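Below: one structure, written as structure tokens.
To find a chain, count down the sequence lines: A is the first, B the second, and so on, and within it residues start at 1. Everything numeric here is computed off the predicted structure, so don't read it as measured data.
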There are 2 protein chains.
Amino acid sequence: MTARRPTLKDVAERAGVSLKTTSRVLNGEKSVRPETEQRVRDAMTELGFRPNYFARRLRLGADTSSIGLVIEDLSNPFYSGMAHAIEQRAHEHSMLLIIGSSQRQPETERRLVASLSQRRVSGLIVVPAGHNHDHLAAEQERGLRIVCADRPAAGVSADAVVADNEGGARLAVTHLSRHHHKRIAYLGDDPDLYTNQQRLEGYRGALGLHGAATDGHLACLGLTDAAAAERATRELLAGESPPTAIFAGNNLLTIGALHALRAIHRTDVAVVGFDDFEAADLVVPGVTVVRHDPAELGRIAADRLLARIDGDRSAPTVEMLPVHLIARGSGELTP
Amino acid sequence: MTARRPTLKDVAERAGVSLKTTSRVLNGEKSVRPETEQRVRDAMTELGFRPNYFARRLRLGADTSSIGLVIEDLSNPFYSGMAHAIEQRAHEHSMLLIIGSSQRQPETERRLVASLSQRRVSGLIVVPAGHNHDHLAAEQERGLRIVCADRPAAGVSADAVVADNEGGARLAVTHLSRHHHKRIAYLGDDPDLYTNQQRLEGYRGALGLHGAATDGHLACLGLTDAAAAERATRELLAGESPPTAIFAGNNLLTIGALHALRAIHRTDVAVVGFDDFEAADLVVPGVTVVRHDPAELGRIAADRLLARIDGDRSAPTVEMLPVHLIARGSGELTP
DNA sequence: CTGAAAGCGCTAACAT
DNA sequence: ATGTTAGCGCTTTCAG
């Protein structure tokens with residue numbers, strides 16, 4: 001019933017030639033008489049032959065011509081946009097993409113990276129989770145090519161592609177200042193993560209620059225999802241000396257803040273969000289954001305990795321991508 | 001410089017035991033004296049040994065314990081949501097997920113499926129593109145386990161998980177009728193695709209049921225992106241006997257339609273969209289949608305596939321998931 | 001142009 | 001509890 005998959009040997013026998021000749025046809029080597037080649041090809045199709053990927057790889061000692069990607073969460077549009085761009089680049093190089101979401105769990109990341117390494121991916125793009133990246137360094141030691149995306153991995157000497165987080169945050173706060181806001185709140189995700197550190201610094205730096213209020217309670221940190229941002233926003237606005245403007249540190253937090261404002265019918269609070277999101281221009285007023293292109297980030301990370309795979313041995317670089325402020329209305333409200 | 005990766009044999013020599021004993025330790029077989037085992041483990045870590053995945057697979061003749069996923073476009077939140085759910089299920093079963101976007105190109109799909117099959121994925125979840133699915137049937141013949149998601153593949157006897165597209169469309173149109181609309185336009189994607197066929201049928205069926213206008217020009221088909229939907233919407237509203245309500249056939253088209261309405265300052269046109277989308281409730285008025293859960297669809301497809309991989313040989317089934325109408329305002333506007 | 005033999009790194013039989 | 005041998009399916013010398 002379960003007929004064994006045909007092997008090269010089966011094909012050879014059927015075509016009445018040697019194993020090696022069959023292998024030559026399979027690999028498109030020139031030195032085969034057209035007539036013989038045809039016989040072999042016929043035998044292949046008749047048998048429905050598919051080369052055994054593992055045997056070939058074992059023999060070649062090569063890698064999988066696939067690249068691994070470890071992100072935080074594939075369902076977050078930021079990461080899926082990045083993943084899609086990487087996938088497209090990979091396909092252009094006849095490589096497949098294996099994706100894993102770490103859900104920001106260092107242990108999950110570790111497991112994923114180990115699995116990918118074991119499967120001999122040609123290289124790995126990773127958005128490092130957690131603080132300790134020793135396992136990445138160890139994999140690198142063993143020969144795995146690694147490129148960090150969105151944030152660098154502290155203590156690991158690898159290429160990295162990041163956005164100008166600090167500059168973007170400064171841009172946002174400066175924009176709000178120009179619209180006469182003095183009390184600008186910040187909604188921030190886990191402050192231990194590089195991206196958020198940078199954004200927080202940009203926020204604080206710009207506050208000082210523009211003489212805006214620097215009350216500690218205006219900066220709400222450790223908000224890991226939209227619901228947390230929604231709660232924080234409500235509390236900020238219900239508290240004493242509330243902000244007149246909010247700078248939200250990422251796409252999820254922006255949406256959470258907007259939900260809160262909607263719920264308590266506040267249309268007078270200015271909002272600028274980090275990360276653009278779908279339908280941001282359909283909200284009323286349009287949501288002003290600091291935009292950076294996740295696809296661009298993915299493309300550049302992929303290109304770095306592919307260059308490494310192609311043998312580039314130059315020193316690792318950290319590339320910083322520019323961000324832009326897109327004014328749509330919500331950030332131009334005045335106090 | 002480039003020291004060869006250590007093999008099991010190297011480990012064996014270093015530990016002063018035989019190859020087989022080392023293999024036993026590697027595979028956690030019981031019959032090894034703890035003391036020996038420790039020596040072997042030490043040797044492994046000292047050498048930084050990693051088992052050769054290909055050699056093992058070749059020997060075992062097993063598959064990759066990874067599953068393949070071919071969708072239309074990973075950057076579309078609908079598909080990335082689905083992909084994320086599948087990924088989570090896969091991880092629970094210690095499997096990795098290899099993702100490819102067909103970009104709705106049959107040829108790209110074909111190539112992706114072939115690559116995945118060649119890599120011996122344990123199974124494949126595919127959103128079939130195009131009309132001819134012979135290659136899927138052929139792969140199935142060769143032993144590849146296939147589950148179709150979002151749409152079935154005509155002519156292929158495989159499990160499929162789909163949403164109740166027709167019912168959802170009826171729901172939308174009925175909802176609009178109840179709010180006294182008689183001229184309800186439809187924005188549809190490629191009508192040759194199963195999903196869109198079903199939605200179009202639901203639309204037409206419901207129009208008849210409620211005695212609404214069935215002018216041919218109210219149904220705009222073949223809109224493949226938001227920009228096309230935007231143009232179509234403008235034309236519809238600028239034309240003679242324009243619609244008072246619009247039913248948009250998917251998330252992208254809904255956004256396109258909303259852009260058009262925003263651009264021409266029409267706040268009186270009712271809109272219901274198929275597929276929910278992020279921030280749909282932040283638009284003013286909130287966007288009424290027919291919602292179905294892409295994550296649920298992914299989960300169920302993954303479960304079907306995992307069951308097949310675990311040996312389930314029962315007849316293929318087509319599972320239809322329910323959809324729900326979420327009223328948020330845009331669909332409750334009256335003419 | 002074609003073929004025979006060796007071996008990639010591992011595991012399954014079959015010893016011991 | 002441990003070792004020896006064979007072989008997974010392919011590519012690569014090296015000979016014809």
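- Taking 4.0 angstrom as the limit, Thr21(A) places a side-chain polar atom (N or O) nearer than this to OP1 or OP2 of dG3(C).
- To the nearest angstrom, P of dC10(D) lies 8 Å from CZ of Arg120(B).
- Asp192(A) pairs by the salt bridge (Lys or Arg N to Asp or Glu O under 4.0 Å) definition with nothing, not counting sequence neighbours.
- Distance OH (Tyr53(A)) to C1' (dC8(C)): 16 Å, rounded to an integer number of Å.
- Evaluation of the salt bridge (Lys or Arg N to Asp or Glu O under 4.0 Å) rule for Arg57(A) yields no partner, not counting sequence neighbours.
- For DNA chain C, the neighbouring residues in residues 30-39 of chain A, judged by any heavy atom under 4.0 Å, are Ser31(A), Val32(A), Arg33(A), Thr36(A).
- When atom types are taken as modelled, the side chain of Thr7(B) and the backbone of Lys9(B) share a donor-acceptor pair closer than 3.5 angstrom.
- Under the rule for a salt bridge (Lys or Arg N to Asp or Glu O under 4.0 Å), the partners of Arg14(A) that lie at least two apart in sequence or sit in another chain are Glu46(A).
- Lys9(A) has its NZ atom 13 Å from the C1' atom of dA4(C), to the nearest Å.
- For Thr64(A), the side-chain hydrogen bond (donor to acceptor under 3.5 Å, both in side chains) partners are Ser66(A), not counting sequence neighbours.
- Rounding to whole angstrom units, CD of residue Glu13(B) and C1' of dG3(D) are separated by 14 Å.
- Under the rule for a side-chain hydrogen bond (donor to acceptor under 3.5 Å, both in side chains), the partners of Ser75(B) that lie at least two apart in sequence or sit in another chain are Asp73(B).
- Remark: Tyr194(A) engages no residue in a ring-ring contact (aromatic ring centres under 6.0 Å, His included) (not counting sequence neighbours).
- When the ring-ring contact (aromatic ring centres under 6.0 Å, His included) test is applied to Tyr53(B), no partner is found at least two apart in sequence or on another chain.
- A straight line from CZ of Phe54(A) to C1' of dT11(D) spans 17 Å, rounded to a whole angstrom.
- Judged purely by distance below 3.5 Å, without hydrogens or angles, the side chains of Glu87(A) and Ser101(B) pair a donor atom with an acceptor atom.
- Checking the phosphate oxygens (OP1, OP2) of dT2(C), no side-chain nitrogen or oxygen of Ser18(A) falls inside 4.0 Å.
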Requested in this report: Report, as a single string ordered 5' to 3', how protein heavy atoms within less than 4.0 Å touch nucleotides 11-16 of chain C: B base, S sugar-phosphate only, - not at all.
Outcome: BBB---

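- Between Gln118(B) atom CD and dG9(D) atom P there is a gap of 16 Å when expressed in whole angstrom units.
- Of the residues in residues 42-50 of chain B, not one comes within less than 4.0 Å of DNA chain D through any heavy atom.
- Sorted by first and then second residue, the salt bridge (charged side-chain N to carboxylate O under 4.0 Å, His left out) pairs with a member in residues 119-141 of chain A read Glu139(A)-Arg142(A), Glu139(A)-Arg50(B); sequence neighbours excluded.
- For Glu37(B), the salt bridge (Lys or Arg N to Asp or Glu O under 4.0 Å) criterion is met by Arg41(B), not counting sequence neighbours.
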